[in-house]
Trainee: 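Sending over a structure as structure tokens; questions will come in a sec.
Each chain gets a letter, A, B and so on, in the order the sequences are listed, and its residues count up from 1.
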Protein chains: 2
Amino acid sequence: MAGSRSLRQGFKGHASRLTAPRQAILEFLSKSSKHMSAKEIYSSLHRSYPGMGLSTIYRTLDLLARMGIVTKLSLGDGQSRYELRSKKEEEHHHHLICTNCGKIINYSEFLDEELGLVKKTEDKLAKKYNFVIQDHNIEFLGICEKCRGK
Amino acid sequence: MAGSRSLRQGFKGHASRLTAPRQAILEFLSKSSKHMSAKEIYSSLHRSYPGMGLSTIYRTLDLLARMGIVTKLSLGDGQSRYELRSKKEEEHHHHLICTNCGKIINYSEFLDEELGLVKKTEDKLAKKYNFVIQDHNIEFLGICEKCRGK
DNA sequence: GTTCATGCAAAAGATTTGCACACAG
DNA sequence: CTGTGTGCAAATCTTTTGCATGAAC
């Protein structure tokens with residue numbers, strides 16, 4: 001798995017053991033197709049791993065995010081969502097969000113031209129503002145067919 | 001002010017009076033340059049308007065957002081931020097965010113080409129997914145100069 | 001007098017933190 | 001042993017809701 005090597009090398013001098021809960025969370029993220037909230041991870045893992053506490057999920061996600069293994073997303077519904085960065089790179093996508101029902105569509109079919117421009121913009125921004133740019137987030141907001149029908 | 005006419009016409013059949021607290025919030029948003037959190041609005045308004053409660057702020061912001069007068073942003077720091085849509089249109093910008101210290105830079109200097117592509121993508125997404133697209137959000141994430149120095 | 005808006009307090013969620021114990025090296 | 005990771009409970013923080021009062025129409 002992508003994360004295990006990095007996990008074993010640890011994070012910024014802090015120890016980082018690849019424990020059972022952490023493995024479970026990583027494995028779960030690598031299997032799940034969508035971006036998952038802490039609660040969703042918790043509920044799903046609870047079946048096969050009854051003892052696990054919510055705080056462990058949060059602490060692990062935070063660790064993984066700081067290690068760069070996981071990406072934390074804020075999509076506007078009041079809770080953070082997480083996805084494996086490797087997965088994001090493989091199946092890079094942007095978001096189309098219904099502001100009425102909260103439905104999220106990951107689209108990846110019009111990315112080619114988008115990504116070209118993104119790269120260009122990244123370079124300009126990096127130069128002008130002295131940033132090291134690591135990621136981007138593009139979302140379109142609107143009303144989905146279903147909600148419009150009502 | 002942009003909002004007053006719309007406010008007086010009401011919202012989807014619901015009554016919507018242009019009351020003093022609502023005026024104060026609108027005025028504050030029209031003066032403020034950045035996207036403000038509910039708490040920030042509350043603190044600032046509290047000086048000139050001691051009685052105002054936080055819930056009024058939230059209720060008003062929600063109302064204004066549903067009316068389309070205000071845009072609600074989720075920038076990943078655990079609280080929502082709001083800005084006048086009219087202002088957004090006048091001074092449309094995208095975001096550059098430091099994932100370490102949370103600093104947010106609004107940039108608007110490379111938007112021309114971005115917006116062209118955005119329009120094209122909007123059309124394609126609208127057609128393919130049957131969405132009515134109302135808005136978009138583009139952000140770049142990275143590490144700012146200051147944080148990198150440490 | 002009915003409806004709408006507000007403040008306050010309580011409630012609800014999401015996330016973080018303190019602490020004592022378990023466990024690995 | 002020593003330090004790291006964990007679960008649980010409590011604490012925080014943001015946002016929402018219930019309710020009684022007051023204002024607008």
Trainee: Provide the full list of salt bridge (Lys or Arg N to Asp or Glu O under 4.0 Å) pairs with a residue in residues 40-56 of chain B, sequence neighbours left out, each pair given once.
Mentor: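 Passing the test, one end in residues 40-56 of chain B: B:E40-B:R81.
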
Trainee: Can you measure B:Q79 atom CD to D:dT12 atom P for me and round it to whole angstrom units?
Mentor: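 It is 18 Å, rounded to the nearest whole Å.
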
Trainee: Given atom CG of B:D77 and atom P of C:dA14, what is their separation to the nearest angstrom?
Mentor: 17 Å

Trainee: The helix from C:dG1-D:dC25 to C:dG25-D:dC1: angle between its terminal axes, five pairs each, to 10°?
Mentor: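 Nearest ten degrees gives 20° for this helix.
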
Trainee: Looking for any heavy atom pair under 4.0 Å, which part of the strands does A:S80 touch: base, sugar-phosphate only, or nothing?
Mentor: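 Sugar-phosphate only.
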
Trainee: Measure the distance from CG on A:L18 to P on C:dG25 and round it to the nearest whole Å.
Mentor: 11 Å

Trainee: Where along residues 46-59 of chain B does a heavy atom come under 4.0 Å from DNA chain C, residue by residue in number order?
Mentor: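 Output list: B:G51, B:M52, B:G53, B:S55, B:T56, B:R59.
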
Trainee: Taking atom C1' of D:dT6 as reference, at what distance in whole Å does atom CG of A:L61 sit?
Mentor: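 Spelled out: CG on A:L61 to C1' on D:dT6 is 15 Å.
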
Trainee: Drop me the distance from B:L63's CG to B:T56's OG1, to the nearest 0.5 angstrom.
Mentor: 12.0 Å

Trainee: Counting just side-chain N and O atoms, does A:K39 come under 4.0 Å of either OP1 or OP2 of C:dA14?
Mentor: yes

Trainee: Considering residues at least two apart in sequence or located in another chain, which fulfil the salt bridge (Lys or Arg N to Asp or Glu O under 4.0 Å) criterion with A:D123?
Mentor: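 With sequence neighbours excluded, A:D123 shows a salt bridge (Lys or Arg N to Asp or Glu O under 4.0 Å) to no residue whatsoever.
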
Trainee: Take the protein atom CD1 of A:I25 and the nucleotide atom P of D:dG5, then report the distance between them rounded to whole Å.
Mentor: 13 Å

Trainee: Mind checking what makes salt bridge (Lys or Arg N to Asp or Glu O under 4.0 Å) contact with B:K128, not counting sequence neighbours?
Mentor: A:E109

Trainee: Suppose we screen for salt bridge (Lys or Arg N to Asp or Glu O under 4.0 Å). Which residues come up paired with B:E139, at least two apart in sequence or across chains?
Mentor: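 With neighbours one apart ignored, the set is empty.
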
Trainee: Detail all sub-3.5 Å separations between protein N/O atoms and N/O atoms belonging to nucleotides 10-12 of chain C.
Mentor:
none

Trainee: For the residue pair A:H95 and B:N137, confirm or rule out a side-chain donor-acceptor distance under 3.5 Å.
Mentor: no

Trainee: With B:Y42, which residues qualify under ring-ring contact (aromatic ring centres under 6.0 Å, His included), at least two apart?
Mentor: B:H46

Trainee: Is B:T19 close enough to C:dT6 that one of its side-chain N or O atoms is under 4.0 Å from OP1 or OP2 there?
Mentor: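 For C:dT6, OP1/OP2 do have a side-chain N/O of B:T19 under 4.0 Å.
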
Trainee: For the CD1 atom of A:I25 and the CE atom of A:M36, what is their distance to the nearest 0.5 Å?
Mentor: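 If we round to the nearest 0.5 Å, A:I25:CD1 and A:M36:CE are 12.0 Å apart.
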
Trainee: B:Q79: what forms a side chain to side chain donor-acceptor pair (under 3.5 Å) with it, not counting sequence neighbours?
Mentor: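 Result, side chain to side chain donor-acceptor pair (under 3.5 Å) vs B:Q79: B:S37.
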
Trainee: Just how far, in rounded Å, is C1' of C:dT15 from CD of A:E40?
Mentor: 16 Å

Trainee: How long is the line joining CD of A:Q23 and C1' of D:dG5, in whole Å?
Mentor: 14 Å

Trainee: C:dT15 P sits how many Å from A:Y42 OH, rounded?
Mentor: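 Answer to the nearest Å: 14 Å.
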
Trainee: Who passes side chain to side chain donor-acceptor pair (under 3.5 Å) against B:Y58, sequence neighbours left out?
Mentor: none

Trainee: Out of curiosity, A:F131 CZ to B:F140 CZ, how far, rounded to the nearest 0.5 Å?
Mentor: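 Answer rounded to 0.5 Å: 12.0 Å.
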
Trainee: Between the protein and nucleotides 23-25 of chain D, are there any N/O to N/O pairs under 3.5 Å, and if so, what are the atom names and distances?
Mentor:
residue, atom, partner, partner atom, Å
D:dA24, O4', B:R17, NH1, 3.4

Trainee: Taking the six-membered ring for Trp, is the centroid-to-centroid distance between B:H94 and A:H136 below 6.0 Å?
Mentor: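 No: the rings miss the under 6.0 Å criterion.
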
Trainee: Quick one: list whatever passes side chain to side chain contact (heavy atoms under 4.5 Å, CB included) with A:K103, sequence neighbours left out.
Mentor: A:C98, A:C101, A:I105

Trainee: Would you name the heavy atoms of A:A126 and A:I133 that are closest together and state the gap between them?
Mentor: N-CD1, 4.0 Å

